[in-house]
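Residue numbers begin at 1 in each chain, while the letters A, B, ... track the order of the sequences.
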Number of protein chains: 2
Amino acid sequence: MPQTDDLSEDRGGPTVEDTVLGDLIGYRLKRAYMQIQPQAQRVLAEDDLRVVSFSCLSIITDNTGIVQSELADALQMERSNLVVIIDELEQRGLITRKKVPTDRRRYALTATLRGRRLRDRAAEKVRSAEDEIIGRLDERDRAHLMAVLQRLEDNTR
Amino acid sequence: MPQTDDLSEDRGGPTVEDTVLGDLIGYRLKRAYMQIQPQAQRVLAEDDLRVVSFSCLSIITDNTGIVQSELADALQMERSNLVVIIDELEQRGLITRKKVPTDRRRYALTATLRGRRLRDRAAEKVRSAEDEIIGRLDERDRAHLMAVLQRLEDNTR
DNA sequence: ACAATTTAGTTATTGACTATAACTATTATC
DNA sequence: GATAATAGTTATAGTCAATAACTAAATTGT
């Protein structure tokens, strides 16, 4: 009678050789991201948010009166791609958009009370979802990871 | 006379507030990845490789005779999307595709000498490109990062 | 002060990538 | 030997990021 379960294997396939990819930071980053991102996506979808709209809502909440190009800059995205997202957040009553009197090209973005509440609730859910994945990382490893990632990001600018 | 330069600011914009996003691992992973990926893309493009075709070539080089579904599995992609990539690698003479006699549904993939050489050269270039970005990370931090990312990935399976 | 340039927001479009479904040929299962 | 499952393929649809072109408004240069 064969062992009914857990004869190694079966977690991640029959171990493919890899002498190169696994040592590349880009590859490791992408793989780790691909595990986490779908979970964030899933919990945000419960509130009809995409990752990008949640990010926008979050930055707007933290920066009352920010204008679209600053927001695009902060999130490293094209301002043209921002428009529809802002449109939707506004239509859902999560943010307001009003012309800046001193520069009428610009729109000051502000999160509504509903928007702020949704942001806080959604943020909590994303954090929980992440915590489940990183469960076995202790606080030191987590902090170290975040610091190193931040430095990676900064090194290019 | 005002200081002519470097009154802080100017690196990454006028510091936008952020009480949430920056503490999320998914966000940090994505940002770090977005710094590194374009560099890899750039150096690989010099050899007419995309990141995904380089990844395929690399795994095939390390696993002579691997079949397409195993490769798709290893790279966590759909086997349908693999076809055109394999087609191109084959047409460029970087790999060969031949029916396995014992199971004629399958194709055994093998890197040619040219393919292996290109893989090695490209890998070296990607590594160098990454090294420039992570320059200021010492070896301990780098090793720690890789280990933690690996664990993140494994925690979900 | 006014012409030329730049900036903010917008619209439309494109290319790249991912996921899905449907199909054929072959193998495995009952 | 019929039925189901698997490998590879094709076609297609949805998502996303990048680009160009445009309008309105502000800034700059002379």
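B/Asn63 places a side-chain N or O within donor-acceptor distance of the main-chain N or O of B/Ile59, the cut-off being under 3.5 Å. The main-chain N or O of B/Leu94 is found under 3.5 Å from a side-chain atom of B/Thr112 such that the two form a donor-acceptor pair. The closest donor-acceptor contact from the side chain of A/Asp47 to the backbone of A/Leu49 lies at 3.5 Å or more, if one exists at all. In this structure, the side chain of B/Thr61 engages the main chain of B/Leu57 through a donor-acceptor pair within 3.5 Å. The main-chain N or O of A/Ile60 is never found under 3.5 Å from a side-chain atom of A/Arg119 such that the two would form a donor-acceptor pair.
Side chain A/Arg105 to base C/dT7: a donor-acceptor pair is found below 3.5 Å. The base of C/dT7 lies outside donor-acceptor range of the side chain of A/Ser69, with no N or O pair under 3.5 Å.
The side-chain hydrogen bond (donor to acceptor under 3.5 Å, both in side chains) test applied to B/Arg42 returns B/Gln39, not counting sequence neighbours. Under the side-chain hydrogen bond (donor to acceptor under 3.5 Å, both in side chains) criterion, A/Lys30 pairs with no residue, sequence neighbours left out. Residues satisfying the side-chain hydrogen bond (donor to acceptor under 3.5 Å, both in side chains) criterion with B/Tyr107, sequence neighbours excluded, are B/Lys99. Taking the side-chain hydrogen bond (donor to acceptor under 3.5 Å, both in side chains) definition, one finds that A/Arg127 meets it with nothing, sequence neighbours left out. Checked against salt bridge (Lys or Arg N to Asp or Glu O under 4.0 Å), B/Arg117 has no partners two or more places apart in sequence or in another chain.
When the P atom of C/dT26 is taken as reference, atom CD of B/Gln68 falls 16 Å away, rounded to whole Å. Distance CG (B/Leu75) to P (C/dA19): 13 Å, rounded to an integer number of Å. As a whole-Å value, the separation of A/Asp73 CG from C/dT7 P is 12 Å.
Residue B/Arg104 is in sugar-phosphate contact alone, with no base atom involved, counting any heavy-atom pair closer than 4.0 Å across all strands shown. A/Arg79 comes within 4.0 angstrom of a base, heavy atoms only.
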- Task: Just do the side chain to side chain contact (heavy atoms under 4.5 Å, CB included) check on B/Leu21 and A/Leu75 with the steps written out, would you?
- Result: CA-CA 10 Å; B/Leu21 252 35; A/Leu75 293 176; 4.1 Å; yes
- Message: B/Arg79 vs B/Ser69, test: side chain to side chain donor-acceptor pair (under 3.5 Å). Steps then yes/no.
- Response: CA-CA 6 Å; B/Arg79 62 196 198 291; B/Ser69 12; 5.6 Å; no
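Annotation: proximity of residues 82-100 of chain B to DNA chain C (heavy atom, distance under 4.0 Å) is found for no residue.
B/Val83 shares a hydrophobic cluster with no other residue; no ILVMFWY side chain has heavy atoms under 4.5 Å from its own.
Pairs of residues two or more places apart, or lying in two chains, never qualify as ring pair (Phe, Tyr, Trp, His ring centres under 6.0 Å) while including a residue from residues 38-72 of chain B.
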Are there any protein N/O atoms within less than 3.5 Å of an N/O atom in nucleotides 2-5 of chain C, and if so, which ones and at what distance?
none

Taking N or O atoms only and anything under 3.5 Å, show me the protein contacts with nucleotides 13-18 of chain C, one pair per line.
from: C/dC17; atom 1: OP2; to: B/Arg50; atom 2: NH1; distance (Å): 2.4

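Mapping heavy-atom proximity under 4.0 Å, the span of DNA chain D touched by chain A runs 5' to 3' from D/dC16 to D/dA26.
Screening A/Glu132, A/Lys125, A/Glu130, A/Glu124 for a side-chain contact (heavy atoms from CB on, under 4.5 Å) involving A/Ser128 leaves a single residue, A/Glu124.
A pairwise comparison of heavy atoms in B/Asp62 and A/Thr19 identifies OD2-N, 2.6 Å as the closest pair.
Each end of the helix from C/dA1-D/dT30 to C/dC30-D/dG1 gets its own rotation axis from five pairs of C1' atoms, and the angle between them is 30° to the nearest 10 degrees.
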